[in-house]
Amino acid sequence: MTTVTFQVLDGVDRGRVFRNLPPPITIGREEGNGLRLNDERVSRFHAKVQQDNGDIILTDLESTNGTRVNGNVVQIRRLRPGDRIHLGRSLLLFGSNEEIAARMATIGGMPSVSQTAGAEALDQLPATIEAQAGESLEGDLNFDLNLKHEVTVAEGNFLVGDKELPVLPQKLTPAQAARIAEILDFLHRGLTYATENIHANEEGTQVALSFMDWQRILAVQMLLGRYARAVAEPDALAE
């Protein structure tokens with residue numbers, strides 16, 4: 001049976017270790033949580049940890065103060081040994097010392113996508129989402145993403161002005177939702193880092209990027225293209 005371990009690094013419960021918890025469990029300050037924290041900034045039922053298809057999935061339960069994994073605000077996230085989870089004033093480390101050491105030994109010599117930002121690194125990743133047939137509005141990509149129009153939500157779909165954006169996939173498993181959120185978060189952070197040093201002229205009518213930041217944006221564009229192709233053609237990762 002799969003179990004999970006959380007070590008409390010900071011907060012009122014600092015030093016406590018919650019070992020061998022069988023998912024699914026909830027984390028919160030109320031009695032009845034599998035992992036109970038004595039932290040007034042943690043919601044009564046703050047987050048849920050479950051297993052799905054071999055992955056351990058953390059889901060924020062619409063908590064008051066949110067949940068962060070490795071410094072990033074998340075709604076749902078696949079956890080790996082060594083991940084740091086912030087809830088309220090508490091900081092948790094996911095995994096036992098043995099699990100974290102095993103992960104370090106596994107990935108110690110592997111280049112990261114953020115370091116290479118190239119197709120070689122993406123080729124090492126498995127196809128995590130199989131292409132599925134779905135309905136699509138005719139011409140749903142033929143729109144001008146004009147920021148003068150407000151982004152709204154209608155019947156679960158995003159719209160820019162009166163133009164509907166491509167719909168999100170529905171009825172994903174927790175593992176699939178976590179993996180998609182992980183990819184989008186990775187690419188979003190890449191754009192954030194690339195654009196944080198933009199310089200504008202005095203009139204604010206033009207902006208300039210350094211060559212390095214421009215290359216970061218191009219790398220995100222390339223990765224988006226690779227991911228899109230891998231969704232439709234999983235075997236493309238081997239090319």
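Worth saying up front: this structure is predicted, and the values here are computed from it rather than measured.
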Hey, any chance [X] and [Y] share a hydrophobic cluster, counting ILVMFWY side chains that come within less than 4.5 Å of each other, even indirectly?
X    : Y    : result
V207 : L218 : yes
F6   : V17  : no
L58  : L172 : no
L191 : L223 : yes
I217 : I198 : yes

Which heavy atom in [X] sits nearest to a heavy atom in [Y], and how many Å separate them?
X    : Y   : result
G95  : Q7  : O-NE2, 2.9 Å
F94  : I85 : CB-CD1, 3.7 Å
D13  : N38 : OD2-N, 2.7 Å
A178 : R78 : CB-N, 3.6 Å
G66  : D60 : C-OD1, 3.7 Å
A181 : I76 : CB-O, 3.9 Å

Heavy-atom donor-acceptor pair, [X] side chain to [Y] backbone, under 3.5 Å:
X    : Y    : value
Q170 : L168 : yes
N70  : R84  : yes
S43  : T64  : yes
H46  : E62  : no
N157 : V167 : no
D52  : A175 : yes
D39  : R41  : yes

Subject >> Salt bridge R77-D83, side-chain N to carboxylate O under 4.0 Å >> reply: no

Got more than 12 heavy atoms from elsewhere within 6.0 Å of [atom1], [X]?
X    : atom1 : result
E30  : CD    : yes
E196 : CD    : yes
R189 : CZ    : yes

Just verifying a value: how many Å separate [X] [atom1] and [Y] [atom2], rounded to the nearest 0.5 Å?
X    : Y    : atom1 : atom2 : value
I57  : T173 : CD1   : OG1   : 7.5 Å
D185 : N72  : CG    : CG    : 5.0 Å
R68  : L91  : CZ    : CG    : 9.0 Å
L37  : R29  : CG    : CZ    : 11.0 Å
N33  : I25  : CG    : CD1   : 8.5 Å
H199 : D213 : NE2   : CG    : 8.5 Å

Can you check whether [X] reaches [Y] side chain to side chain, under 4.5 Å on heavy atoms?
X    : Y    : result
H188 : T192 : yes
Q75  : T59  : yes
I100 : L93  : yes

**OP:** Check step by step if side chain to side chain contact (heavy atoms under 4.5 Å, CB included) holds for F18 and V8.
**Re:** CA-CA 8 Å; F18 296 87; V8 185; 3.7 Å; yes

Subject >> Intermediate values then yes/no, side-chain hydrogen bond (donor to acceptor under 3.5 Å, both in side chains), N53 and Q176 >> reply: CA-CA 9 Å; N53 196 30; Q176 289 173 326; over 6 Å; no

**OP:** Could you walk me through whether V231 and Y227 pass the side chain to side chain contact (heavy atoms under 4.5 Å, CB included) test, one step at a time?
**Re:** CA-CA 6 Å; V231 169; Y227 273 122; 5.5 Å; no

Subject >> Worked verdict on V49 versus I56 for side chain to side chain contact (heavy atoms under 4.5 Å, CB included) >> reply: CA-CA 7 Å; V49 178; I56 300 299; 3.6 Å; yes

